[in-house]
Amino acid sequence: MSFDTLKLDKGLYTSSKGFTAALEEADPSENYIGTELEGLDAYQRQLKRFDIKVSGRNSDCIAKFFQTTDSAALFPEYVSRAVMQGIETEDNLSKIIATTTNIDSLDYRSIASVQNDNDFELAAVGEGAFIPQTVIKTSENLTRLHKRGRMLVASYEAIKFQKLDLFTITLNQIGSYIARSQFTDAVNTLGEAITPTELSGSTLTYADMVSIWESLYPHRLTAIVAGTAEIAAMLNLTEFKDSNAGLNFHGTGKMITPFGAEVISFPSISGDAILALDGTCALEKVQAGDVLTEYDKLIDRQLERATISTICGFSRLYEDAAKVFAYPGN
C-alpha cells in the first residue's frame with residue numbers, strides 16, 4: 001500500500017503501539033530507501049501527501065489539516081509532536097535520570113538493590129568459597145505518578161486561519177511547562193528522603209566542592225542541582241575563573257562545571273541546598289505513554305475542551321547515588 005492511498009482514522013490512535021508506530025507498520029519507511037522520500041517517517045510522508053507545511057515562513061494555516069477527513073486525523077499527532085519539541089527544548093531531566101520505563105497501568109513498583117560497603121569491591125574468591133551476593137528486591141512503595149498538562153480552550157473558528165508555526169510556539173510552551181514540572185517532581189523524589197550533609201562554612205568554597213565530589217564515591221558525580229545563587233557562587237570560585245574556562249563560558253555560554261558534572265539551575269530548591277548525584281544510577285522515570293492528546297476532540301475540531309497531558313513519576317534506585325548538602329543551620 002502506498003503512502004498516498006493509506007486510509008487514516010481515529011483507530012490509529014487507539015493502537016497499543018501508538019499513532020506513529022501504527023502508521024509505520026502500515027507504511028514502513030524501509031520501503032522508501034533510495035527514493036526522494038528517504039529520511040521521512042510515516043507521519044512526515046502523510047504531511048507531504050496532503051501538502052501541509054507545519055513550519056517556516058510559508059507554513060500553512062491550521063485549517064489545512066481539516067481539508068479532508070484523512071488529513072484531519074494527522075492533527076493530534078502534530079499537537080503531540082509540537083508539545084514534545086517543547087519538552088525536549090527545556091530538557092534537564094535526561095541529565096539526572098538513569099532510565100525510562102514505560103508502563104500501561106497506574107500501579108508500578110521499581111526494584112532496589114540492597115548494598116553494603118563490601119559490594120563496591122569484588123575481592124578474589126577462593127576455590128569453594130562463598131561468592132558475595134547482590135540482593136535485588138521489589139520496592140516496598142508504589143511509584144507515585146503525576147498527571148501534568150494543559151487544556152486547549154479556543155474555538156476552531158477563532159484559530160483556523162492562524163499559521164501553524166505560530167500555533168507551534170504555543171504548543172512548545174506547553175511542553176516547556178510540562179518539562180519543568182517533571183523536573184521538579186524528579187528533584188523532590190531525590191531530595192525528600194535525604195538528610196542533608198552540612199558544608200564547612202556559611203559560603204561555598206572549593207574545598208566544599210571537593211568534599212561533595214568525594215562523598216559520592218564509589219559513584220560518580222555527574223550532576224549538581226542548585227539554586228541560582230549557589231551556581232553563581234560556583235562560577236565565581238577562583239579555581240573556575242582561569243582564562244581558558246572563562247573564554248569557553250563567554251564564547252559558548254556553557255557553564256564551567258566542577259569535575260565534569262552538569263550544573264543545573266533550579267530556583268525552587270529549598271534554601272541554599274545543593275543536590276549532587278550520579279545520574280547513571282540514581283533515578284528511574286516511569287511514564288504511562290508519551291504526550292497524551294484527546295485525539296477524538298481534536299480530529300472533530302472540538303478544541304474548546306481538549307487536553308494535552310503526560311503521566312509520569314520517579315523512583316529512587318541506589319539510595320547513596322544522590323546526596324543533599326546545606327550550610328549549618330539550614
Does any part of the side chain of [Y], heavy atoms only, come nearer than 4.5 Å to the side chain of [X], both counted from C-beta?
X      : Y      : answer
Ile96  : Leu277 : yes
Ile299 : Tyr13  : yes
Glu77  : Leu74  : no
Thr197 : Val324 : no
Thr228 : Phe266 : no
Thr101 : Ile103 : yes
Met234 : Ile224 : yes
His146 : Phe314 : no

Next on the checklist: Suppose we screen for salt bridge (charged side-chain N to carboxylate O under 4.0 Å, His left out). Which residues come up paired with Glu38, at least two apart in sequence or across chains?
Outcome noted: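 Glu38: no salt bridge (charged side-chain N to carboxylate O under 4.0 Å, His left out) contacts found.
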
Checklist entry - In chain order, what residues pass the salt bridge (charged side-chain N to carboxylate O under 4.0 Å, His left out) check against Glu24, with sequence neighbours excluded? => result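 None.
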
Next on the checklist: Rounded at 0.5 Å granularity, tell me how far CG in Leu12 sits from CG in Asp9.
Outcome noted: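 If I round to the nearest 0.5 Å, the distance is 5.5 Å.
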
Checklist entry - From Asp185 CG over to Leu190 CG, what is the distance, rounded to the nearest 0.5 angstrom? => result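 If we round to the nearest 0.5 Å, Asp185:CG and Leu190:CG are 11.5 Å apart.
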
Next on the checklist: Does Asp60 form a salt bridge (Lys or Arg N to Asp or Glu O under 4.0 Å) with Lys163? I'd like the steps, not just the answer.
Outcome noted: CA-CA 6 Å; Asp60 290 307; Lys163 292 287 188 177; over 6 Å; no

hydrophobic_cluster_shared for [Y] and [X], side chain cutoff 4.5 Å:
X      : Y      : result
Phe325 : Val210 : yes
Ile308 : Tyr177 : no
Leu199 : Tyr206 : yes

Would you say the side chains of [X] and [Y] form a donor-acceptor pair under 3.5 Å?
X      : Y      : value
Thr20  : Arg81  : yes
Ser71  : Thr68  : yes
Ser315 : Tyr108 : no
Thr99  : Glu284 : no
Asp208 : Ser211 : no
Arg45  : Ser29  : yes

Backbone N or O of [Y] within a donor-acceptor pair of the [X] side chain at under 3.5 Å?
X      : Y      : result
Asp27  : Leu23  : no
Gln182 : Lys285 : no
Asp278 : Ala321 : no
Thr222 : Gly279 : yes
Tyr78  : Phe65  : no
Asp91  : Ser94  : yes
Lys323 : Leu275 : no
Glu88  : Gln85  : no
Asp70  : Leu8   : yes

Item to check | Pair Ile174-Leu152, side-chain contact (heavy atoms from CB on, under 4.5 Å): steps then yes or no | outcome: CA-CA 10 Å; Ile174 292 175; Leu152 287 178; 4.2 Å; yes

Quick test of your reading of the model: are [X] and [Y] salt-bridged, counting only N-O distances below 4.0 Å?
X      : Y     : result
Asp51  : Lys53 : yes
Asp165 : Arg57 : no
Asp300 : Lys10 : yes

Item to check | Worked check of side-chain contact (heavy atoms from CB on, under 4.5 Å) between Asp107 and Thr143 | outcome: CA-CA 7 Å; Asp107 292 333; Thr143 298; over 6 Å; no

Item to check | More than 12 heavy atoms from other groups under 6.0 Å of CZ on Arg148 | outcome: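 Above 12, so yes.
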
Next on the checklist: For Arg109, I'd like to know if atom CZ has over 12 heavy atoms of other residues, nucleotides or ligands within 6.0 Å.
Outcome noted: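 Check passes, neighbour count above 12.
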
So, for [X] and [Y], which heavy atoms are closest and what is the spacing to 0.1 Å?
X      : Y      : result
Ile231 : Ser265 : CD1-CA, 3.2 Å
Ala276 : Ile212 : CB-CG2, 3.5 Å
His219 : Cys281 : ND1-SG, 3.5 Å
Ile274 : Ala226 : CG1-CB, 4.2 Å
Ala306 : Leu298 : CB-CD2, 3.7 Å
Leu216 : Asp320 : CD2-O, 4.0 Å

Next on the checklist: Does Glu157 form a salt bridge (Lys or Arg N to Asp or Glu O under 4.0 Å) with Lys160? I'd like the steps, not just the answer.
Outcome noted: CA-CA 6 Å; Glu157 288 71 21; Lys160 65 181 179 180; 5.7 Å; no

Item to check | Aromatic plane relationship, Tyr43 with Phe19 - under 30° parallel, 30 to 60° tilted, over 60° perpendicular | outcome: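 Plane angle over 60°, so perpendicular.
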
Item to check | Ring geometry between Phe66 and Tyr156 (parallel below 30°, tilted from 30 to 60°, perpendicular above 60°) | outcome: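 Rings of Tyr156 and Phe66: perpendicular, as their planes differ by over 60°.
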
Item to check | Working for side-chain contact (heavy atoms from CB on, under 4.5 Å), residues Ile52 and Val54 | outcome: CA-CA 6 Å; Ile52 300 173; Val54 297; 4.1 Å; yes

Please output the side-chain donor-acceptor pairs of residues 288-296 that fall under 3.5 Å, not counting sequence neighbours, one pair per line with the distance.
residue	atom	partner	partner atom	Å
Asp290	OD1	Gln287	NE2	3.0
Glu294	OE1	Thr307	N	2.9
Glu294	OE1	Thr307	OG1	3.2

Checklist entry - Going through the distances and angles, do Phe167 and Ile62 end up as a side-chain contact (heavy atoms from CB on, under 4.5 Å)? => result CA-CA 8 Å; Phe167 194 54; Ile62 291 173; 3.7 Å; yes

Checklist entry - Taking the six-membered ring of Phe3 as reference, does the NZ or CZ atom of Arg49 fall below 6.0 Å from its centre and within a 45° cone about the axis? => result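 Arg49 over Phe3 ring: no.
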
